[in-house]
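In what follows, chains carry the letters A, B, and so on, assigned in the order in which the sequence lines appear, proteins first and then strands, with residues in each chain numbered from 1.
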Number of protein chains: 2
Amino acid sequence: MTIRQDIHNSEIPALCRSCEARHRGVCGALTTDQLVELSRHTTKRKVDPGTVLVSDADTIDSYANVLAGVVKLTKTLPDGRQQIVGLQFAPDFLGRPFKHESSITAEAATPVRVCAFPKKSLDRMIEQAPELSHRLHLQALNELDEARDWMLMLGRKTASERVASFLHLIARHSDPEAEISGEISFDLPLTRADIADFLGLTIETVSRQLTKLRKDGLIAVENNRHITVFDVARLERRANV
Amino acid sequence: MTIRQDIHNSEIPALCRSCEARHRGVCGALTTDQLVELSRHTTKRKVDPGTVLVSDADTIDSYANVLAGVVKLTKTLPDGRQQIVGLQFAPDFLGRPFKHESSITAEAATPVRVCAFPKKSLDRMIEQAPELSHRLHLQALNELDEARDWMLMLGRKTASERVASFLHLIARHSDPEAEISGEISFDLPLTRADIADFLGLTIETVSRQLTKLRKDGLIAVENNRHITVFDVARLERRANV
DNA sequence: CGGCGTTTTTGATCCAGGTCAAGGTGTTGC
DNA sequence: GCAACACCTTGACCTGGATCAAAAACGCCG
């Protein structure tokens, strides 16, 4: 008990408090025993933008929680055309349960902190902890819903609707509680190239659409990264959400 | 025991044998008790193409197994632009666990047989049968993988690659065991309009690309629906899978 | 079989967004 | 402070696929 308490008061809580934000992490679904076991194999890492966390060539042997930053999931055609197929924000879970190879590359889009643990240990725990399994199921369904919204965007929206949709997505993520109509500021977690790969456009088109939004007085841009949206509701209308 | 055996030999087995094909159905994960309970509220339906099974306006109060045919999941923008975001083949499970409203419309693309049961009953069983929950989790992950392949297609592939990808998808589905290189025939489960909504194109472009494939000697088309692919490997190369 | 609505194909034209090519703007290190 | 580099914007032009219009093929029913 003292030992457990010890661990619980030193390493694990820090790990878990961040995992637990917004109740989408993994740790809160585990018993103290499992946490102790897991923490033995856990490694926290801080990685720079551009670092590849999982390559589509690899076999997957670890999972991770995103503690801070944004991870982009990409797919690439043989000739280099690329598409971002998912964005993982803290505290999302990173990994593909029940499968040993990935067809997806995961790469840090911003400076990222992750907390990684071996697939084996967690897979064992999934079987024992229905609550954990349920959370992972929920995240999968959630990602599926997002992917489908995104498919509508990729298949049917115009360039200007796409860029507005993207800004709206980031705005909502940066402050989920924000007023529907009103002003909101945030830093873009992606470069223009990433935004283009996200939206299925080129960087030139993204840039032109941002310029248009700026000239229309809907947003302000500082240092290419910091965005202020003056009227979220109007942006949303442009996005055709 | 006799009663159970009775039921098991009359209604349920028929239902389950179809559900169970390719091990993606729901029934095989249930105990006999649960099957008996479920079968009390189960209704099989045969529906014509175009019938809406779930509307995005509705609240969801039932699940279903697709026993035969193809169901398309669509999203529509206010101005009518539409995108197919999922295709459910038999014996897929149809429904969104843990949520009471859908942002998606499910519509029969071909004549379809479904076996529907109330959400409530199954939700209760999910909690009691980890095996069932696990299967649904697997299907969700599977659909997520498919959605992401699809996003790459929608974001980055050309019209000709898209149409080839589509034919390849249907070919694989119609005979998963088929030779990689060789001939294969099948009926398209979708109209040109559906194919266009699937691929993010217009019907004219789909038609032109099919004509091109025909003129290139890669496929033959009879009655607008029956397709023969002469060289699956060559099609796959065109698709840039 | 022939008439009629629906679906598909084909053709002509147009335009949103891609491509190519400079030029700006920040950021980092010396 | 300024050189070097990475990133972003702007402009000119081009093209793949959309749009509009019409003809052809199919499917259904009397």
Trainee: For the residue pair A:S165 and A:K157, confirm or rule out a side-chain donor-acceptor distance under 3.5 Å.
Mentor: yes
Trainee: Give the rounded distance in Å between these two atoms: CG of A:L190 and P of D:dC7.
Mentor: 13 Å
Trainee: I need the residues from residues 198-207 of chain B with at least one non-hydrogen atom less than 4.0 Å from DNA chain D; give them sorted by number, or say none.
Mentor: B:G200, B:L201, B:T202, B:E204, B:T205
Trainee: Check this for me, if you would: do A:D145 and B:K99 make a salt bridge, where the nitrogen-to-carboxylate-oxygen distance has to be below 4.0 angstrom?
Mentor: yes
Trainee: Could you identify which residues of residues 151-164 of chain A place a heavy atom less than 4.0 Å from some atom of DNA chain C, listed by residue number, or say none?
Mentor: A:T158, A:A159
Trainee: Which residue lies toward the 5' end of DNA chain C, A:N223 or B:V221, if each is placed at its nearest nucleotide?
Mentor: B:V221
Trainee: C:dT25 C1' sits how many Å from A:R214 CZ, rounded?
Mentor: 12 Å
Trainee: Quick check on contacts: within residues 70-86 of chain B, what sits under 4.0 Å from DNA chain D by heavy-atom distance?
Mentor: none
Trainee: Can you establish whether the number of heavy atoms outside B:E183 located under 6.0 Å from its atom CD is more than 12?
Mentor: yes
Trainee: Would you please test B:I104 and B:T74 for side-chain contact (heavy atoms from CB on, under 4.5 Å) and show each step?
Mentor: CA-CA 6 Å; B:I104 284 182; B:T74 63; over 6 Å; no
Trainee: Salt-bridged, B:R172 to B:E236, with N to O below 4.0 Å?
Mentor: no
Trainee: Using distance alone, with no hydrogens and no angle criterion, decide if B:S55 and B:T105 have a side-chain donor and acceptor under 3.5 Å apart.
Mentor: no
Trainee: When you check the gap from the basic side-chain N to the acidic O, do A:R81 and B:E161 get nearer than 4.0 Å?
Mentor: yes
Trainee: Rounded to the nearest Å, what distance is computed from the NE2 atom of residue B:H226 to the C1' atom of nucleotide D:dC26?
Mentor: 17 Å
Trainee: In whole Å, I'd like the distance from the CG atom of A:N224 to the C1' atom of D:dT10.
Mentor: 14 Å
Trainee: Provide, to the nearest angstrom, the distance between the CD atom belonging to B:E222 and the P atom belonging to C:dT8.
Mentor: 16 Å
Trainee: Rounded to whole angstroms, how far apart are CZ on B:R192 and C1' on C:dT6?
Mentor: 13 Å
Trainee: When you measure only distances, ignoring hydrogens and angles, does the side chain of A:R225 come within 3.5 Å of the base of C:dG26 through a donor and an acceptor?
Mentor: no
Trainee: Whole angstrom is fine here: how far is it from CD1 in A:I195 over to C1' in D:dT9?
Mentor: 13 Å
Trainee: Salt bridge check: are A:D56 and A:K75 linked by an N-O gap of less than 4.0 Å?
Mentor: no
Trainee: Checking only heavy atoms, does the side chain of B:R208 share a donor-acceptor pair with the base of D:dT19 at less than 3.5 Å?
Mentor: yes
Trainee: Roughly, in whole Å, what's the span from CG in A:L210 to P in D:dC7?
Mentor: 17 Å
Trainee: For A:F117 and A:H41, I'd like to know if the aromatic rings sit close, meaning centre-to-centre distance below 6.0 Å.
Mentor: no
Trainee: Before accepting this row, confirm whether a basic side-chain N of the pair B:R238/B:D216 lies closer than 4.0 Å to the acidic partner's carboxylate O.
Mentor: yes
Trainee: Can you tell me if CZ on A:R225 sees more than 12 non-hydrogen neighbours from other groups inside 6.0 Å?
Mentor: yes
